[in-house]
Amino acid sequence: MSGKAKLYYFDGRGKMEPIRWLLAAAGVEFEEEFLETREQYEKLLQGGSLLFQQVPMVEIDGMRMVQTRAILSYIAAKYNLYGKDLKERALIDMYAGGTEDLMGFILMFPFLSAEDKEKQRAFIVQKATSRYFPVYEKVLKDHGQDFLVGNNFSWADVHLLEAILMVEEKKSDVLSGFPQLQAFKARISSIPTIKKFLEPGSQRKPVPDDKYVETVRRVLRMYYDIKAN
Amino acid sequence: MSGKPRLTYLNGRGRMEPIRWLLAAAGVEFEEVYLETKEQYDKLIKDGVLLFQQVPLVEIDGMKMVQTRAILSYIAGKYNLYGKDLKERALIDMYVEGIADLMQMILMFPFSPPDAKEKNLESIKERATNRYFPVFEKVLKQHGQDFLVGNKFSWADVQLMEAILAVEEKVPAVLSGFPQLQVFKTKMSNMPTIKKFLQPGSPRKPPPDAHYVETVLKVFKK
């Protein structure tokens, strides 16, 4: 295993994208192996490197880590993006839990029928503007600091920026009622590592398209219908 | 707020049960508030007590915590059930997340339509037997220790114990191919705090029944 972290996933966002964001935010270079065929996936399975037979899988520090949350927690802690004590970690975990739920609604989006996509788009926007964004807007307003937790850049900030951008892709003016979040978005986007990640040519993946959906279905033999929320 | 953590949820397992298990395993006494009506739930939301308008809610150490995983991680960290370093924590996190995926299938089961129940039960059995239990069987066999991680009792052991019992309720002979897990189950059952939690009269909740499903649908009706 080389020094760098190595990511095993499809060539697309999915469950791996928050991990790419966090590594990039931490200024950590990583390699990627993209699953394109069923054979590649079966080879990984047979090789025993997927603990629960699933991706994402990240080779890091001599471990073959699976489970997105476990991977994110490890990276956050290793690179000091997890607060200074248990209570700050609790806040970060709560906030990241919220943004994870919100991004979960978007994760399934490309796999929906055209009709369900419209319904889901409305659902995503409704949840973002009535349940999630108001929470972070208030947190930032109440303490007046630049970052969500402990006046220090953390995983929670990276995760929230990722969620904001993803919802904006579904409705471009979704931040119009959230001045704190607008300022937050500008601030966090200008952090050097994040700025770099947002530039063309970075390892950030584009909005998933039909080709991505086809690849996932083919590799995982996941041909059942996915329903909207 | 009294000294004890206070749990707000329905009077049933759901997403709160792993939290009850972990607190009990850590020997921590707690209080519970049960949601029985939609009005109670709407009031909690109106009072601004639920960060994302959802339960579980655990009031602990001056915080109003939501998000099951956040709560479990905090309890594990506070009561030294999270390993001794980052790498042990990574292992524990991987194991509990895998088990949570299995438990999610069991969580949703009572809410599946009658014509899907048999298929879903078959899926639970298949996943437990082919994907999850073999992993932990192998981990225990390879290091030969009593506990999953670092030769020390941790959150991962509690979570696995809960999952074994939950699957056994649905698939009674599920451990028949897993001798290590059978031994593990016996050992965990004999740990004083867990033994106490498994006795009648403990805060452990029974398997969900029709009344529980009805209450969930009523309280969370839109």
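Treat the numbers as computed from the prediction; the structure is a model and nothing was measured. Just so we're on the same page: letters track the sequence lines, and every chain starts at 1.
Residues B/F147 and B/K152 share a closest heavy-atom pair of CB-O, 3.3 Å. Contact record, A/M57 with A/M16: O-CE, 3.6 Å, taken as the closest heavy-atom pair.
For a residue to count as touching a neighbouring chain, one of its non-hydrogen atoms must lie under 4.5 Å from one of that chain's; by this rule B/R131 touches chain A with backbone and side chain alike. At a 4.5 Å heavy-atom cutoff, the contact between A/V135 and chain B is made by side-chain atoms alone. In this structure, chain A has a heavy atom under 4.5 Å from the side chain of B/V135, while its backbone stays farther away. Of the atoms belonging to B/K78, heavy atoms from both backbone and side chain fall under 4.5 Å from chain A. Contact of B/N130 with chain A is made through the backbone alone, with heavy-atom distances under 4.5 Å. For chain A, the nearby parts of B/E97 are the backbone and the side chain; heavy atoms of each come within less than 4.5 Å. For chain B, no part of A/K138 is nearby; none of its heavy atoms comes within less than 4.5 Å.
In this structure, A/F52 has its ring center under 6.0 Å from that of B/Y132.
In this structure, A/K6 is not positioned above the aromatic face of A/F30 in the sense of NZ or CZ being under 6.0 Å from the six-membered ring centre and within 45° of the axis. Cation-pi geometry between A/R131 and B/F52 is not met at under 6.0 angstrom from the ring centre and within 45 degrees of the axis.
Among B/R69, B/K138, B/Q54, the residue making the largest number of heavy-atom pairs under 4.5 Å with chain A is B/R69.
For B/K87 (side chain) and A/D61 (main-chain N/O), a donor-acceptor pair under 3.5 Å exists by modelled atom type.
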